[in-house]
Each structure stands twice: as structure tokens, then as C-alpha cells.
Amino acid sequence: MLLAGYFFATATPLLAQGIPQGSPSTPTSTSAIGDAAGLAREANVWLAQLIRIDTTNPPGNEAAAAKYVAGILEKEGITPEILEVMPGRSAVVARLRSSAISDPSRALLLVAHMDVVGVDRTRWSVEPFGAVIKDGYIYGRGALDDKSMLAANMAVIIGLKRANARLNRDVIFLATDDEEGGGDASIKTLIAKNWDKFAAGFAINEGGEVVMKGGKVQYIAVQASEKVSVSVAMVAKGPAGHASMPTKENAVVHLAAAVAKIGNYAAPVHFTAIVRRYFEGLAAISDDEIAKWMRSLDTADRGEHAQRVLSEANPQWGSMLRDSIAPTMLTAGVRPNVIPGEARAILNIRLLPGDTINVLLGELGKLVNDPQVRLEVQPNAGLAAPPSSLESEFYAAITKVATQEFAGAPVLPYQSPWATDSAQLRLHNVQAYGLWPFPITEEDLKRMHGDDERLPIASFNKGVDLLARIVSEFAVAR
Ligand SMILES: [Zn+2]
């Protein structure tokens, strides 16, 4: 009832604010969804409502979002199923069938997560869970990550259902929980308990982007692989005592020295096939100076310098080339006048697929070289997955549609520094690709997990259309 009241209170202002229509369709690719612009306008309201349901993880409370999503799908005659993973934490699955007997190996999975990361309210200029519309943007935690994709996936499955589209493979909708935590309520558990409900050969998820620069789409990065997140506690121990009589064994001092050494360390560069292809493609559309270094990355004489130049130019490029280590948390001490017996730091490590944590920890141990300091791998480490194929029919469909939609802008395979649910899917033989379909500038993208997260409403509408075209190209019979 409360939700229904919300809906009417907000729906009118949203529509009255002249939300831009989706771009006019180009004649080349086709969408099985008739009125994509009208559907995108409806999806604006779903996005706003989803932002207003606070799913900050922890604790997540995705059950409330799951109920909302399932309610919308149900009204359309799609039969959703809410899968409770833990009390208060649920996923939603729904399926459009292509035939009486499903062939999971052909099925296409549309994935998005419902949880969001926390906010520092003091740094936001608007209410983070208000879905405020300002200057053509929708603001709110989840506007980028990942409630926009969730609303777009809803629009696509609803559009296909309304159009009564003739499918050549099942299309499955999956809204996950605990993606940001990757813990016991995450897709790992869903796969272990409910795989038969969403088993698929192909998936589209967050993870790659349509990158805008100077008002036009520069390239489309399709995530086919991802780095692996592992958190490590670095623990220094020493004698506790009175702060009036310090010793050289102070745990805080030893921890600080170890953190400083790790902060200045760069792991060796390893190239994966996807990263090689990414930089080759990016060089072709970059200005001469930066392109020169992209082309020199893997050369014997200039490689090392090129790696340094590019890592400094863009931290994301640096992270694509090597295992990265970011100290993120520090804890020590209980009183100003007590030397603590222990000091801890958390290091968030992102391994290249193929690299192993023990090898890196061996290197870090040698670097720190301090018997008072030890390294402990923390729970919920990610798992390395094989990359998705760049030769699959789904990758070809994404490439075809995206290239047509954005006037020949290249599609580049992408290995994201961040982790997504796709790794778990790839471990189950799913050809999973990351493409968050909304055209976006690097500047706006930086607000993901940051302050004043926002998405241009015109980009959202365009993304709904793009996703509908990609799914139509791949899953609708002609
Ligand atoms: Zn996300």
C-alpha cells in the first residue's frame, strides 16, 4: 500500500518533467519491442522506485526490492519466482519460453543485482535514496550500479512479453542479491541451490560500458573477463604497554612501515589476450601520443616506460596490466595513552585472472620483511573464471548491434578491474558478457560507488533501446 502511494506521488512529476524520449531508431538493427521509447518512459518510474527502496548492503534488504520487481512482472502476465536466500534477502527469476522443452545451453540470461553500496550522506548534494531528477539526470545510489540495468532488464522482458515475440531461445530474467558483498547470500548460493531455475548458455550483465566523449560514443567495452577480488588482513603484533615508555616494537609503527612499502610496490605486468586486444583497439581511436604508448606496451625496449605512462594516465589501465593492492582500512588502539598489542590493515587485492594469491603474498612477505607482521587471506575471496569467448554468436550479436547503433564506434573486449556476478556464471560454462548499455562519460562513471551518483535520463532511455535490440538480435526468431 505504501509502495502504491509512492508510485502515484512520484509518477506524475517524473512524466511531467519532460523526460527525453529515446533516440529515433536506426533502420539497420531491429527491436522486437514495438514502442521502445514508451517502454523506457515506464522504466524511468521503475528505476526511480527501485532507488527509493534502500538496499544498502549490508544488510541488503533485497527482499523489498524483489517484491517490487516481482509485482511489476506479475502485472504483465510474466510469472516471477522469488527465491529467498536468507531472511530478508531474495532474488527474482522469471522466464519467457521459446518452446515447451527448454534447452538451457541456448538460453539467454539477463542479470542485474538489486543491492547497492553505502553512502556518506554528508557528501551528497541530494537525498541519496530520493531518485531526484535534476538537469536531465536521475540522482541516487544505484542510478548507475546497478538499478538502471535492473530496470532495463525489466523493460526488455516486459517488452518481449507484450509484443508476444517469437523467441528462438528462452530469455531468463535474474535479479540477484548480495553482489556487492559476494557473501553467503550472493549468486554463489543461488547457483548452488537453484541453478536449474536459471541455467543458461549465455548472459548479459553489468561490467562493460558505452563510453562517451565530446558528446559522442567513442567505443563500447564488452566485459569478457574480470579481475579477482581478495581481501587480505595485514596484522602487526608487539608488546602492549604504557604510552609514556615507547619501544621500537610498537605494532602501529611496524604496520605503518609495512603499509608504506606496499603502497609503493608495483606487481609485475602480465598480459592477457583480452587486454592485448583492448589496447590494440583503443590505440586505433586514441590521439597519437597515447596511441604510441599503447602500441609499445608489449615491446622489449619501450614496454616498461609505456606501462608507466599509461598507468599514470589512467589508474584503470594500470590495474588492467597487473595485480593491484589497495590498503583500505586501518584499525589499532583503544586509548590515547595505551600502546596497542596489535594493529591491522586491510589490503584489497585485485588479481589478474590466472595469477594466484599465494604467489603475490610470497612477494609481499619478502617486501615487508618483518617478523612482527603477517598476512591473512580473508573470507569471501573471488574465484578466477575462464574468460568468455570472443568468437561466440552472442558476442557477435552484441558487436553487430552496438556498431550499428553508434555509427561504427568500435567494440572492444574488456577485462574489468572490478568483479561482477559474471565470474560465477563463467565458472558454470555460461558465455557471460558485461555491457551496461547506457552511454556515459568517464566523469559520470567515476561517481559509481561515489557521491552524487547519477545517470542522464536520455542515456537510460537509449540503453533500454540498445539492450532491447541486442536481445532481439540474439533471441527473437526472424
Ligand atoms: Zn554493480
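All of these numbers come straight from a predicted model, not from anything done at the bench. For ligands, and for the atoms within them, numbers begin at 1 and follow the listed sequence.
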Residue list, salt bridge (charged side-chain N to carboxylate O under 4.0 Å, His left out) with D178, at least two apart or on another chain: R89

Take atom CG in D184; do more than 12 heavy atoms of anything else shown fall under 6.0 Å from it? no

For residues 78-85, which side-chain N or O atoms pair as donor and acceptor with protein atoms under 3.5 Å away, sequence neighbours left out?
| from | atom 1 | to | atom 2 | distance (Å) |
| --- | --- | --- | --- | --- |
| E81 | OE2 | K197 | NZ | 3.3 |

Exam field: side chain E206 to backbone D145, donor-acceptor pair closer than 3.5 Å: no

Within less than 2.8 Å, report the number of protein N/O/S atoms around the Zn ion (ligand 1). 4

Once the angle between the rings of F279 and W317 is folded into 0 to 90°, is it parallel (under 30°), tilted (30 to 60°) or perpendicular (over 60°)? perpendicular

Partners of M329 by side chain to side chain contact (heavy atoms under 4.5 Å, CB included), sequence neighbours excluded? I346

